[in-house]
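Here the structure comes first, spelled out in structure tokens, and everything after it is commentary.
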Number of protein chains: 2
Amino acid sequence: MSAMTDEELDQAFLALADPTRRSLLARLALGDATVGELAAPFAMSLQAVSKHLTVLEQAKLITRRRDAQRRPCSLNREAIGPLVDWLDAYRRRTEERFQRIDDLLARTDGSSPTP
Amino acid sequence: MSAMTDEELDQAFLALADPTRRSLLARLALGDATVGELAAPFAMSLQAVSKHLTVLEQAKLITRRRDAQRRPCSLNREAIGPLVDWLDAYRRRTEERFQRIDDLLARTDGSSPTP
DNA sequence: CCTTTGATCAACCGATCAGTTGAATAGAAC
DNA sequence: GTTCTATTCAACTGATCGGTTGATCAAAGG
């Protein structure tokens, strides 16, 4: 179904790798907001916040529409699923890996697998 | 339980925001490997791969131990859970947000919520 | 001992990032 | 039409990133 390209994963994870941008997402979970409203709580210029929003938009984590001079931002509903899918697949592979280790240890001796 | 700090989230997401590093993680899911083994498939220097491994280690996604001159790398079993938790919390907040929108639309008129 | 192997350290490079300030744009309001 | 408001564009800065090469270190093997 989903499956993100390498570049999409790069952009999404890079977008999430910044506390300001994660904070903007948290704010948008409370409701749509304009650039000015989003920038107000931060000790940085509105232009800087506008750039962060561009990063979030290109990562498809938010969408921006037009309302007169305002540019209200919304979370993108479809963005999260594929990311969770990716992390879940990673977790599954990781746990299979450790299961193989545990099996191996259990086969050779009876010691505790994770000390 | 888990709960990652801002800096831990920064490091983890930044580490995942690179296709080489994601590829290294995928390789490590198949089994532990030394730096040389990990570097072999890539068209870049061993030193570059070693740097990527340092990023993954600082993000706590892998661990490195010592075996004579070799430095075998392993996935860190505990790393994934907190990340999934974070993304799940984000998804939950996002879905609550859209549920509120849907409720509002359903209350004011009977039109389709997501056109 | 000397050499080879496996990996890190150190310095450097070009590109990108996160922030700034100042100017330009689009639309509302007067 | 002029002005005010909301936002973007453009140019610049310092810091970090992803990569390179060459030197160094630590351990094994001759």
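In what follows, chains are A, B, ... by sequence order, proteins preceding strands, each numbered from 1.
- Checking the phosphate oxygens (OP1, OP2) of D:dG18, no side-chain nitrogen or oxygen of B:Thr20 falls inside 4.0 Å.
- The phosphate of C:dA7 has OP1 or OP2 within less than 4.0 Å of a side-chain N or O from B:Thr34.
- The phosphate of D:dT8 has OP1 or OP2 within less than 4.0 Å of a side-chain N or O from A:Arg71.
- Within 4.0 Å (heavy atoms only), B:Leu14 reaches sugar-phosphate atoms of the nucleic acid but no base atom.
- In this model, the phosphate group of C:dT8 is approached by a side-chain N or O of B:Arg64 to a distance below 4.0 Å at OP1 or OP2.
- The minimum heavy-atom distance linking A:Arg21 with A:Leu14 is given by the pair NH2-O, 3.0 Å.
- Counting any heavy atom pair closer than 4.0 Å across all strands shown, B:Ala48 reaches a base atom.
- No donor-acceptor distance shorter than 3.5 angstrom exists from the side chain of B:Gln58 to the backbone of B:Val55, with no hydrogens or angles considered.
- Closest approach to the A:Val35 side chain among C:dA28, D:dG19, D:dT7 is made by D:dT7 (side chain taken as heavy atoms from C-beta onward).
- A donor N or O paired with an acceptor N or O is found under 3.5 Å between the base of C:dG22 and the side-chain atoms of A:Gln47.
- Atom CG in B:Leu56 sits roughly 13 Å away from atom P in C:dT8 (whole-Å rounding).
- B:Ile80 approaches A:Leu87 most closely through the heavy-atom pair CG2-O, 4.2 Å.
- Between the P atom of C:dG19 and the CG atom of A:Leu53 lies a distance of 12 Å, rounded to the nearest Å.
- Here A:Ser50 reaches the OP1 or OP2 of D:dT8: one of its side-chain N or O atoms lies under 4.0 Å away.
- For the pair A:His52 NE2 and C:dT20 C1', the computed distance is 12 Å after rounding to whole Å.
- Among the atoms of the strands shown, none is found under 4.0 Å from any heavy atom of B:Thr54.
- Residue B:Ser45 places at least one side-chain N or O under 4.0 Å from the OP1 or OP2 atom of D:dT20.
- Remark: P of C:dG19 and CG of A:Leu24 are 10 Å apart, rounded to the nearest angstrom.
- Using a 4.0 Å cut-off, no side-chain N or O of A:Arg66 falls inside it from OP1 or OP2 of D:dA6.
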Evaluate the criterion salt bridge (Lys or Arg N to Asp or Glu O under 4.0 Å) for residue pair B:Asp32 and B:Arg70; output intermediate values, then yes/no. CA-CA 12 Å; B:Asp32 295 0; B:Arg70 267 151 245 110; over 6 Å; no
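- In terms of heavy-atom proximity, A:Cys73 sits nearest to A:Leu38 at SG-CD1, 4.0 Å.
- Atom CD of A:Gln11 is separated from atom C1' of D:dC17 by 17 Å (rounded to the nearest Å).
- In this structure, A:Gln58 places its CD atom 12 Å from P of C:dA18, rounding to the nearest Å.
- Straight-line distance from the CD atom of B:Gln69 to the P atom of C:dT8: 12 Å, rounded to whole Å.
- Here the C1' atom of nucleotide D:dC17 and the CG atom of B:Leu16 are 16 Å apart, to the nearest Å.
- The 5' end of DNA chain C is approached more closely, in terms of each residue's nearest nucleotide, by B:Ala33 than by the other of A:Ala43 and B:Ala33.
- Nearest heavy atom pair, residue B:Val84 against residue A:Arg91, reads CG1-NH2, 3.5 Å.
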